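Heavy atoms only: backbone and side chains are in, while hydrogens, waters and symmetry mates are out. Order of appearance sets the numbers: ligands from 1, and atoms from 1 within every ligand. Note that this is a predicted model, so its numbers are computed, not measured. Positions are given from 1 along the sequence.
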Amino acid sequence: MIYIINKKFIAFFICLFMIFILLSIFINPLSIATSLNAPVEEDLFFPAFNVSVKDDDKLIALTFDDGPNKEFTTKILDYLESKNIVATFFVLGINLKGNDDILIKMVKTGCEIGNHSYNHKQFIHLKNSEIKKQIDYVDNYVKRVTGFSIRSVRTPYGEVNKKIKETIDRPIVLWSIDSEDWRKKDAKDIADHIISNVDNGSIILLHDIFDFTYEATILVVEELLAQGYKFVTVSQLLGLDDINSNGLVFRSK
Ligand SMILES: [Zn+2]
């Protein structure tokens with residue numbers, strides 16, 4: 001009798017063990033893969049919209065994320081001003097205090113300020129109310145200091161799903177060329193990558209928090225001006241003010 005019970009117990013534990021192994025194989029890797037693969041587009045592919053670029057235009061939008069940075073954003077802005085060209089700065093709320101002069105200069109020089117959230121948290125993990133707070137903080141700060149009403153939003157890591165899109169209900173502007181400046185760390189590498197991939201209507205992702213990005217910006221601007229490109233803001237490139245762009249996701253071409 002004892003022998004039979006023991007056998008049943010052993011069979012029971014073997015079953016439990018196998019269920020555990022099966023769950024480990026089929027469930028865990030999926031959830032791990034999902035969390036590692038940021039940026040994530042969870043459930044929809046959002047098409048690219050590019051409403052204002054004509055075939056014979058040579059328009060390009062430089063975009064700088066994660067600033068403002070006292071040293072590098074200032075240097076980039078001074079350089080852009082010296083060339084009389086504009087760019088778009090997707091700013092973080094945590095970097096705004098103490099940098100009012102930079103925000104004011106962005107607006108004065110015709111650059112566009114975009115909203116890149118308060119502190120770069122992954123929106124896919126936030127509640128709707130938390131996403132709204134992240135966006136509102138930057139909108140309100142920039143409006144108070146500069147009078148500029150932010151139109152475009154770039155979500156941290158470019159993460160967009162249906163919930164994020166509907167919660168923000170504004171144009172979400174992603175990019176068509178990722179400079180990967182943070183990984184390359186070399187001005188010439190960064191510039192070469194951009195220059196060899198650029199096309200009419202490109203939106204280029206850079207980060208105004210590195211010296212090598214500042215140096216790369218100079219190389220890119222010099223070369224593309226020589227090639228006849230015109231530098232515009234994302235709103236100008238995409239015609240955000242001319243269409244009802246709320247809730248649309250833009251990647252350009
Ligand atoms: Zn960012």
Side-chain angles (χ1 to χ4, degrees), residues 35-42 46 48 61-77 80 87-99 102-103 106 111-126 130-142 148 150-161 163-165 167-168 170-185 187 189-190 193-194 197 202-217 220 233-235 237-238 240 249-252:
S35 63
L36 285 179
N37 279 340
V40 175
E41 290 144 24
E42 271 189 336
F46 300 105
L62 296 179
T63 65
F64 296 92
D65 290 13
D66 298 0
N69 175 285
K70 203 163 273 307
E71 183 179 357
F72 302 123
T73 310
T74 305
K75 282 165 88 171
I76 290 166
L77 267 177
L80 297 177
T88 304
F89 293 85
F90 286 96
V91 299
L92 285 177
I94 43 167
N95 292 337
L96 297 180
K97 275 191 186 140
N99 286 323
I102 294 177
L103 296 172
M106 285 173 184
C111 288
E112 177 172 353
I113 302 175
N115 194 325
H116 196 39
S117 83
Y118 175 71
N119 61 357
H120 218 278
K121 284 208 170 130
Q122 285 187 265
F123 279 12
I124 53 166
H125 298 317
L126 299 184
E130 292 170 323
I131 292 173
K132 281 205 173 91
K133 264 193 207 161
Q134 291 261 338
I135 296 296
D136 285 352
Y137 178 91
V138 176
D139 280 353
N140 294 336
Y141 191 103
V142 169
F148 181 78
I150 293 184
R151 182 97 181 97
S152 52
V153 174
R154 175 171 287 162
T155 47
Y157 311 101
E159 285 181 348
V160 182
N161 61 20
K163 183 191 82 168
I164 293 169
K165 203 166 79 89
T167 304
I168 292 176
R170 300 245 292 273
I172 296 175
V173 179
L174 303 181
W175 54 85
S176 55
I177 299 176
D178 183 351
S179 70
E180 297 191 327
D181 50 355
W182 56 274
R183 194 174 60 77
K184 291 191 169 76
K185 297 184 172 61
D189 274 3
I190 298 163
H193 175 71
I194 294 168
N197 287 289
S202 290
I203 299 176
I204 297 166
L205 168 62
L206 294 145
H207 298 86
D208 50 330
I209 52 174
F210 305 117
D211 198 31
F212 43 80
T213 298
Y214 162 65
E215 302 289 345
T217 301
V220 167
T233 66
V234 293
S235 282
L237 181 73
L238 300 165
L240 296 185
V249 179
F250 296 86
R251 289 193 181 80
S252 187

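Looking at L126 and K133, their side chains never come closer than 4.5 Å, going by heavy atoms from C-beta outward. The shortest side-chain heavy-atom distance between K75 and T217 does not fall under the 4.5 Å cut-off. By the 4.5 Å heavy-atom criterion applied to side chains, L205 and D181 are not counted as neighbours.
Within the 3.5 Å criterion, the main-chain N or O of H116 finds no donor-acceptor partner in the side chain of R154.
For H120 atom NE2 and H116 atom NE2, the angle they make at the Zn ion (ligand 1) is roughly 100°, to 10 degrees.
The distance from the Zn ion (ligand 1) to the nearest N/O/S atom of D65 is not under 2.8 Å. For H207, every N, O or S atom stays at 2.8 Å or more from the Zn ion (ligand 1).
The Zn ion (ligand 1) is closest to atom OD1 of D66 (considering only N, O or S atoms).
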